Amino acid sequence: MMLQTDIAVIGAGPAGANAALAAARQGFSVMLLDEQPLPGGQVWRAKSTAILDAPATPEGDAGDRLRQSVKRSSVTYAGDARVWQIEPVEGAWQLHMLKGGRTAPLRARALVIATGAREFVQPVPGWTTPGVLGLAGATALFKQELALPGKRIIVSGTGPLVFYVAAEIRRLGGEVAAVVTPNSQGDWLRVLPAMLPRPDLLMRGARWIADLMASGVPIHWRHAVTRVEGGSRVRGVGFRKLAPDWSPIGTSQGLEGDSLCLGNGLIPAVEAAQLAGVALAYHPELGGWVPRHDEDGATDVPGVFICGDSAGIRGAAAAEIHGRLAGLCAAQHLGADTRKERKQLRPIHARAARFGTTMTALSIPRAGLAQLTTEETVICRCESLTRSAIAAEIAGGARSSNAVKSGLRAGMGACGGKFCQTTVARMIAAADGRAEADVPPPTPRPPLRPVPVSVLAGDFEYSDLPIPKPAPL
Amino acid sequence: MTRIYDIAVIGGGIMGCACALRVAEGGMLPIVLDQGDLGQGASGVNAGTLSLQIKRVRLMPYALKGHHEWARMGNAVGFHKTGGYTLAFTEHEAELLYERQRLKAEAGAPISFVSAQTLRKAEPGLTQKVVAASYCPEDGYANSSLTGQYYRRRLQDQSISYHERCPVTAVDHDSNGFTLATPIGPVRARRLLLAAGAWLRPVAALLGVDLPVRARVNTVSVTGRMPPLVSTVIGHATGLLTMKQKANGTVLVGGGWQGRGTPQAGRGQVTAETVVPNLALAQYALPGLGNARVLRSWTGFEANVPDFYPLAGALPGVENAFVLGCVRGGYTIGPYIGRLMGDFILSREPELPLFDPARNFDEEAT
Ligand SMILES: Cc1cc2nc3c(=O)[nH]c(=O)nc-3n(C[C@H](O)[C@H](O)[C@H](O)COP(=O)(O)OP(=O)(O)OC[C@H]3O[C@@H](n4cnc5c(N)ncnc54)[C@H](O)[C@@H]3O)c2cc1C
Ligand SMILES: Cc1cc2nc3c(=O)[nH]c(=O)nc-3n(C[C@H](O)[C@H](O)[C@H](O)COP(=O)(O)OP(=O)(O)OC[C@H]3O[C@@H](n4cnc5c(N)ncnc54)[C@H](O)[C@@H]3O)c2cc1C
């Protein structure tokens, strides 16, 4: 028997969970799906059961409130549910999810996509050394496991996340060797006015930085880690001063540490939207390629709505309201009248989004940062392809993401291109003198997450297989 | 920039590229135009099976010649001659297998039937539930992902002009030849080859010709790397499974299960309804595949006409225009039939006969 619901929401972060709640309040049956065990998404990721008695944090509290709201609502939450396929069937949407070692279909009349973001890391020599992890990835480790990646940690990257990560490491008892950030103090001063509407977040950020300074942690403004030392394990890094366009200048200095958190902003996770047939548009200020959508999250595909970071990096606060808008929009699609409520929400969302996109602007790498990736740096981790190998393929005439992928397998590995695709597309654009907007990501294909063959096959008898009539002789 | 090419080729798949190379060898000046990238249509996404056991009887001589072409291209296209087994799991399939493979053997393919014992020895990873099996030592595979890279290099080496992301949107013709509307401006040529694969119908329509070309939406899947599971190309008596493990350990599963979509609307979509039984059949044949993770499934458009034989010859009603496509097993046969087509355009006698596009397309009984 197939599961049915009015509205299916993929992703239970601040965006998806609020979309589900808003739609459910309109009287629709809503199923909220996430591959994590509990709602919360990235920013409000739940603690693993082993550490439930750990001290409270603002993220944890907000997450707990959200989890309570979902629990008390009529929303049906399916955790540990990985959506691997999305297809239109008879005027509805059919999702296929992997749950409890089986795959099950779910049919929905409308679909809200809230799959969040992933991290961009500009590859530098040695970035694949064990002991290097993403800045955002590190926050997941802190929130879920209260674990640290090492004892003496170098924290490097763009935007506010670098300071949040450094502060969390200290709170959890680790040593921060140094903070290295391509942003200058001037960059931060310039965004202060835009932060004023959120004094709480402003204060929190200021406290992180003050605390780091007071405890003598060096902050290297307008610098970047340019190489990672150590073969089988991080021993330290080299870092250099950056020009205003973030190209490396000046001599290399060294830092010792046993691990490195490294990240350069977020990229919307658009694959689910692409599978549902939503076209992409290039918006560098929102993190790159984003599914085309209007301010309420309606896409060009009837019945498909998108919100939160997967619609463009606008941050957690905006994601909550964007989620409500998209949930109400989905309800409208199914016959409810939600125009008034959406009208009220729009200015609130716009304000939150202004704050969020200001932070995004600080996080987005400037053009010169690409120079950190030297000829011999591995770009595609799955296939161990260096920049020079990819450059040679492009010089040989491969002038699209699909062509580079075909010729070299860059992006054909288990990660599905999540790590290398942005870097490769930028290289093609640069080599060809084309705009990045002219080099779209490769064609989206299922499964959204790898699925074992045996799980897809399930239990079957040979005679169950609907083998069609053979081809002509 | 009023260069007049001897021939403009619409479509940079395996057919268009192979033919362009041949006419250039014969002294003509060709230009190849593709709306996307070279070799990103069917030629770049197919399962890459080079198997005589799944070829149509009448096309066997072409497939045999095609295999020699692939052996020559070798490493550059990821060619591997592994031999291949075709399996039957029921009495009914066994009958089908005997009947079909016998005819193919008569047509020149070195196909023999093998005992369960021989099969088990050669491929211990296969299921014990095989009722009958045939073997062909000529079978193997190539890596279709490399089609674009390979032909791009060959065209460059021969200084043949090609343009990617260059759809032909209109064609004018008069006594001097053809003028093609493209994003790089008008392209002029004395002759024209339509090699637009599953898009042949709309392209021929630009010349007012109706070709009864239809498209099938074939599905292929690839798994993550696995320890060695199987060393030959595996097929199913009905043709609904092809499977091979690549040198890097990944397993490619095809068999022509149908996805959704049309060539006019994007790249087509995989549907769970067909990809799931396709993979279940693969796991039935090779139980060890159950542990493999499917990384990606995709579709491609395979063109055909109602009798499922190629279009290869003069385009009916338009002088100096030609068409090449709709070849069943067209990846295997492409490099060879492209040469034949080139010879025909060069007014040479092709080594084997072509397939007149002006014929009557009565559906053939299967
Ligand atoms: C690793 C990481 C850590 C971050 N940490 C912080 C932080 O500490 N502070 C901060 O302000 N911002 C953080 N961010 C930014 C953060 O993404 C946003 O601020 C906010 O979480 C966006 O909310 P969202 O609901 O749009 O997406 P998310 O919170 O990312 O939620 C998306 C959800 O979708 C689920 N999902 C995605 N695809 C599927 C699928 N196929 N099947 C099932 N479920 C799926 C994911 O499991 C996830 O729970 C982080 C981002 C990342 C990538
Ligand atoms: C999924 C799948 C699996 C297959 N498996 C096998 C197999 O295992 N073994 C085998 O032998 N065969 C296989 N085949 C068949 C084989 O791939 C095809 O027969 C062969 O590749 C067709 O080549 P083509 O050049 O005619 O078409 P294509 O490769 O599709 O090339 C046509 C080209 O024309 C271009 N074009 C279209 N319209 C225009 C326009 N207006 N202007 C400019 N350019 C245009 C397209 O962009 C395209 O690149 C498979 C096919 C598919 C789809």
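Since this is a predicted model, take the numbers as computed values, not measurements. Chain identifiers are assigned alphabetically (A, B, ...) following the order of the sequence lines, protein sequences preceding nucleic acid strands; residue numbering begins at 1 within each chain.
- For B/Lys55, no part lies near chain A; criterion is any non-hydrogen pair under 4.5 Å.
- The greatest number of non-hydrogen atom pairs below 4.5 Å with chain A, out of B/Thr299, B/Val45, B/Ile54, is found for B/Thr299.
- Using a 4.5 Å heavy-atom threshold, the side chains of A/Ile379 and A/Thr386 count as separate.
- Chosen from B/His236, B/Glu99, B/Gln258, the residue pairing most often with chain A at heavy-atom distances under 4.5 Å is B/His236.
- Within the 4.5 angstrom heavy-atom criterion, atoms from both the backbone and the side chain of A/Ile467 approach chain B.
- The pair A/Lys99-A/Asp80 fails the salt-bridge criterion, with no side-chain N (NZ, NE, NH1 or NH2) lying under 4.0 Å from an Asp/Glu carboxylate O.
- Judged by the 6.0 Å and 45° rule, B/Arg56 forms a cation-pi pair with B/Tyr309.
- With a 4.5 angstrom heavy-atom cutoff, B/Leu96 touches chain A only via side-chain atoms.
- With a 4.5 Å cut-off on non-hydrogen atoms, A/Arg409 touches chain B through its side chain but not through its backbone.
- Paired with B/Ser134 under the rule side chain to side chain donor-acceptor pair (under 3.5 Å), one option of B/Gln53, B/Arg102, B/Lys104 passes, and it is B/Gln53.
- Screening B/Gln269, B/Arg260, B/Glu273 for a side-chain contact (heavy atoms from CB on, under 4.5 Å) involving A/Glu87 leaves a single residue, B/Arg260.
- For the set B/Gly239, B/Gly266, B/Ser297, the entry with the most heavy-atom pairs within less than 4.5 Å of chain A is B/Ser297.
- Counting heavy-atom pairs closer than 4.5 Å to chain A, the top residue among B/Gly44, B/Ser145, B/Gly36 is B/Ser145.
- Between A/Arg445 and A/Glu271 there is no salt bridge, since none of the side-chain N atoms of the basic residue sits less than 4.0 Å from a carboxylate O of the acidic one.
- Heavy atoms of B/Thr250 lying under 4.5 Å from chain A belong exclusively to its side chain.
- The shortest side-chain heavy-atom distance between B/Cys166 and B/Pro183 falls under the 4.5 Å cut-off.
- By the 6.0 Å contact criterion, CZ on A/Arg102 is open, its count of non-hydrogen atoms from other residues, nucleotides or ligands being 12 or less.
- With a 6.0 Å cutoff to the six-membered ring centre and a 45° limit on the axis angle, A/Arg426 counts as a cation-pi contact of A/Phe120.
- One distance of note links CD of B/Gln149 with CG of B/Asp37; it measures 12.5 Å at 0.5 Å rounding.
- A 4.5 Å side-chain heavy-atom check between A/Glu119 and A/Ile267 finds every atom pair outside the cut-off.
- Contact annotation for B/Glu93: only side-chain heavy atoms (C-beta onward) come within less than 4.5 Å of a heavy atom of chain A.
- Neither the backbone nor the side chain of A/Gln94 comes within contact range of chain B, judged by heavy atoms closer than 4.5 Å.
- Interface residues of residues 150-164 of chain B toward chain A, defined by a heavy-atom distance below 4.5 Å and sorted by number: B/Arg152, B/Arg153, B/Gln156, B/Tyr162, B/Glu164.
- Across A/Leu465, A/Val451, A/Leu275, the residue that shares the most heavy-atom pairs under 4.5 angstrom with chain B is A/Val451.
- For B/Thr223, the part lying near chain A is the side chain, with the backbone staying farther off; criterion is any non-hydrogen pair under 4.5 Å.
- A/Thr443 and B/Trp298 form no side-chain donor-acceptor contact under 3.5 Å, judged by distance and modelled atom types alone.
- In terms of heavy-atom pairs under 4.5 angstrom with chain A, the leader among B/Val270, B/Leu146, B/Asn143 is B/Val270.
- For CZ of B/Arg216, the number of neighbouring non-hydrogen atoms (other residues, nucleotides, ligands) closer than 6.0 Å is greater than 12.
- The candidate with the highest count of non-hydrogen atom pairs below 4.5 Å against chain B, out of A/Gly277, A/Gly397, A/Cys382, is A/Gly397.
- Environment of CD in A/Glu461: sparse, with no more than 12 heavy atoms of neighbouring residues, nucleotides or ligands closer than 6.0 Å.
- For residues 274-286 of chain B, a heavy-atom distance under 4.5 Å to chain A picks out B/Val276, B/Pro277, B/Leu279, B/Ala280, B/Leu281, B/Gln283, B/Tyr284, given by residue number.
- The part of B/Leu103 that comes within reach of chain A is its side chain, from C-beta onward, which places non-hydrogen atoms under 4.5 angstrom from that chain.
- Side-chain atoms of A/Ser406 and B/Gln40 include a donor-acceptor pair closer than 3.5 Å.
- Judged by distance alone, the side chains of B/Thr49 and B/Ser51 never bring a donor and an acceptor atom under 3.5 Å apart.
- In this structure, A/Val278 and A/Pro291 approach most closely via the heavy-atom pair CG1-CB, 3.6 Å.
- For the options B/Val57, B/Thr147, B/Leu240, heavy-atom pairs under 4.5 Å to chain A are most numerous at B/Leu240.
- Taking a cutoff of 4.0 Å between a charged side-chain nitrogen and a carboxylate oxygen, B/Arg328 and B/Glu302 do not qualify as a salt bridge.
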